[in-house]
Protein chains: 2
Amino acid sequence: MRQPATIKDVASLAGCGVGTASRVLNKSGPTSNDMKKRVLMAVEELRFEFSEVGRSLQSSKTLTIGCVVPSVANPVYADAVQGAQETFQSAGYQTLLVCTNYDPDIEAQAIRTLIAKQVDGFVLTVGDALSSEGLKSIQRREIPHCLLFNMATDNEKSWSVDDHSAALNVVEAFVEKGHCHLGFLALKFKSSDRARERYQGFVDGCSRYNMPKPALLEIDEDSHALTDLLKEFLNQNPTLTGLFVSNDFLALETIRCARTLGLSVPGDLSIIGFDGIKVGAMVEPTLATIVTDPKGMGSGAARTVLTTIKGEEAPIQPVPELTFSFRAGGSLAFPAAERKGDEKAATLSPPNNLTNKNLKN
Amino acid sequence: MRQPATIKDVASLAGCGVGTASRVLNKSGPTSNDMKKRVLMAVEELRFEFSEVGRSLQSSKTLTIGCVVPSVANPVYADAVQGAQETFQSAGYQTLLVCTNYDPDIEAQAIRTLIAKQVDGFVLTVGDALSSEGLKSIQRREIPHCLLFNMATDNEKSWSVDDHSAALNVVEAFVEKGHCHLGFLALKFKSSDRARERYQGFVDGCSRYNMPKPALLEIDEDSHALTDLLKEFLNQNPTLTGLFVSNDFLALETIRCARTLGLSVPGDLSIIGFDGIKVGAMVEPTLATIVTDPKGMGSGAARTVLTTIKGEEAPIQPVPELTFSFRAGGSLAFPAAERKGDEKAATLSPPNNLTNKNLKN
DNA sequence: TCTCCCAGTGGAAACGTTTCCACTTTTTTT
DNA sequence: AAAAAAAGTGGAAACGTTTCCACTGGGAGA
């Protein structure tokens, strides 16, 4: 028991050749009933289990997939990993998980290691799909893979939210409620092509509705200083009534900070988040947000990889428009000035004569 | 490039034997500077990378750890996995992740597969540490491993929250605020030894303070029917003023349901959660809860496995008392009847003459 | 000058599989 | 009854690596 039994042990205990033992256990060739019985008994006796390592060496398949994401502490990625893992699991593949912490060096290093481990495929979220060294290695070796939450390019499949369209939707939601000066609050703006895409969509949306270019508040960490930063930001943008926050946690935090500043949400400031985490619907006010389906995305990317491995060249493509939906919530409403006054101001072409009020310094 | 280069290719391009090439690349023996140069050039030229599969077969080490948890959709496990993964990563190990969805069959099957893949160790949360088939296999083969969030037994190391003590703490927190009839709301009570342990601690705590045995409300899923169940539960326990909820998400959901029923939290019902998720501190009222450190637990379990692998028999043991802490929050307060009336009732030996009020049917 | 030692090297064996080929025995076909 | 086909079997080769052993030279010590 100390040393696990090998197929040779099984063969010699069953009194047959290794080839025969292999054929019995894999049902990969003709075998007599007698032999079957003897081999199976030997397996039982020795508690034999195949070594996948030996198998992999011979078949050059590992039944293992590399899954590279920034961090599973972020529930969006956690859900995606969950979806991918489940899908791979039911297809008989195991998932080798690496978290990069948004660090391109760790990302590159991790991918090298996974390649050395001969994974059969990859599902990965890279920092920047165009420059990622790791992604290039994967492409060069033609290892089946699918991006997740990265922008698709000409030659890359990707399951991801259509950030640009989603941001447009957010603008529309604000406009419907009569907002005409918006802001964008983002975390880790630099290191993520997704965040940039989202911002671009937001800018485009604002310009489409003849609004001023949205004010941008960029923060480094989930910083404790958010309250102060927010205060300064709002002072610099006194007419701003709506804020698009790049993820729901940050949005909840922002609501808390706004309260600390004596502002009411949505009375003084409307907020729309991004991701659609469950708690967003449990809190008061409920959070208006873009709902996405990270688990579905992870599962989809996994299916794409699986079909690529099988050589079936028709993976199910995500339809961009269905990658998200808008969820209304109490954090979005008509600006206070509107409510008291002319409801008609809440039209699609903003009157541009509204100003923000009572931002108590 | 189609077929990755092997060390043989490197050797023949460098004009040396495979042994020499191996020695150069692993610095595992004497080599001349000339050879070093030639081998390194050949590696560059062929873009050679070691196959870990071949290596593993030879060394019977895979530098891979199996990590088995119920689900990473649950942020507690996600954080734990994150911690474990980081720790393993920096020690040069990769993490093979499996989610069991709380299903003992999947658990057993997954562990078998991981054993076949020859993982060097395991970090795992099993449904029931005493009966888990998978755990038995691991023990039988003497594979280094450490439990996570399971109760430690005589011969098993485990990093986990001291659920029993934590539940006692919760009772004390309620008692300090003058509550004298408590309830316990749990999810998946059956399949988890942790939940049972927590309940036991709660029961013990109540009896210690001469309170009636706590009422138990057990639900199957994150059920939509919670509002109705809660209503019925509170009707059946009219004197109940404090509810201990087995996780923070469920606690937030419970607060929402209570509101739907026209009850105020904490006015009519005080609530204490479990886990200490971040949003708990962002919402209104903030959630009183037991704060735990899942990431630290995951990392700790990983360190235990690593030291076991190295044969160092002195893994850092978690100190039970430091596995959790109580965080005060707005969801816990003096019962409404108390507030209006006699503050002195809030003592350690409850007067037993208090009754619950205004539970509007 | 003769040993002896050691740096440097090549190559075979081993790790645990599967697959292929060759061989024997049985069954089917004529 | 003979020939052909099929079923059943054993064993070697291959997968990519490391490690061990054996062999060469050359330099140091006698």
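To find a chain, count down the sequence lines: A is the first, B the second, and so on, and within it residues start at 1.
- Within a 6.0 Å sphere centred on NZ of B:Lys136, other residues, nucleotides and ligands contribute more than 12 heavy atoms.
- Under 4.0 angstrom from either OP1 or OP2 of D:dT17 there lies no side-chain N or O belonging to B:Ser51.
- At a threshold of 4.0 angstrom between heavy atoms, the contacts of A:Gly54 include nucleobase atoms, whether or not backbone atoms are also involved.
- Spacing between atom CZ of B:Phe50 and atom P of D:dC15 amounts to 18 Å, rounded to whole angstrom units.
- At whole-Å resolution of the value, CG in A:Leu63 and P in C:dT18 are 12 Å apart.
- Summarising the geometry, the separation between CG on B:Leu46 and P on D:dG16 is reported as 13 Å, rounded to the nearest angstrom.
- Among the candidates B:Thr6, B:Val43, B:Leu25, the single residue satisfying the side-chain contact (heavy atoms from CB on, under 4.5 Å) test with B:Phe50 is B:Leu25.
- OP1 and OP2 of C:dC15 both lie 4.0 Å or more from every side-chain N or O belonging to A:Thr6.
- Inter-residue side-chain proximity for A:His145 and A:Lys157 is flagged as unmet; no heavy-atom pair is nearer than 4.5 Å.
- Comparing D:dG10, C:dT17, C:dT9 against the side chain of A:Arg55 picks out C:dT17 as the nearest.
- Among C:dG11, D:dC15, D:dT9, the nucleotide with an atom closest to any side-chain atom of A:Leu57 is D:dC15.
- In this structure, A:Lys61 places its NZ atom 20 Å from P of D:dA14, rounding to the nearest Å.
- Sequence order on DNA chain C of the closest nucleotides to A:Gly19 and B:Arg38 puts B:Arg38 first from the 5' end.
- Using a 4.5 Å heavy-atom cutoff, the side chains of B:Gln58 and B:Arg55 are not in contact.
- Side-chain proximity of B:Asn26 to the nucleotides D:dT18, C:dT18, D:dT9 is greatest for D:dT18.
- Proximity of A:Arg23 to the phosphate of C:dT18: no side-chain N or O atom is located under 4.0 Å from OP1 or OP2.
- Distance, A:Asp34 CG to C:dT25 P: 16 Å, rounded to whole Å.
- Note on B:Thr31: every side-chain N or O is 4.0 Å or more away from OP1 and OP2 of C:dG8.
- Taking a cutoff of 4.0 Å between a charged side-chain nitrogen and a carboxylate oxygen, B:Arg303 and B:Glu312 do not qualify as a salt bridge.
- Closest to the A:Gln58 side chain, of the nucleotides C:dT9, C:dT18, D:dT18, is C:dT18.
- Distance from the side chain of B:Ile7 is smallest to D:dT17 among C:dT18, D:dG10, D:dT17.
- Here A:Glu49 lies in heavy-atom contact (under 4.0 Å) with sugar-phosphate atoms only.
- Following rounding to the nearest Å, A:Glu52 (CD) and C:dC15 (C1') show an atom-to-atom distance of 15 Å.
- OP1 or OP2 of C:dT18 has at least one side-chain nitrogen or oxygen of A:Ser22 nearer than 4.0 Å.
- Side-chain proximity of A:Lys8 to D:dT9, C:dT17, C:dG8: nearest is C:dT17.
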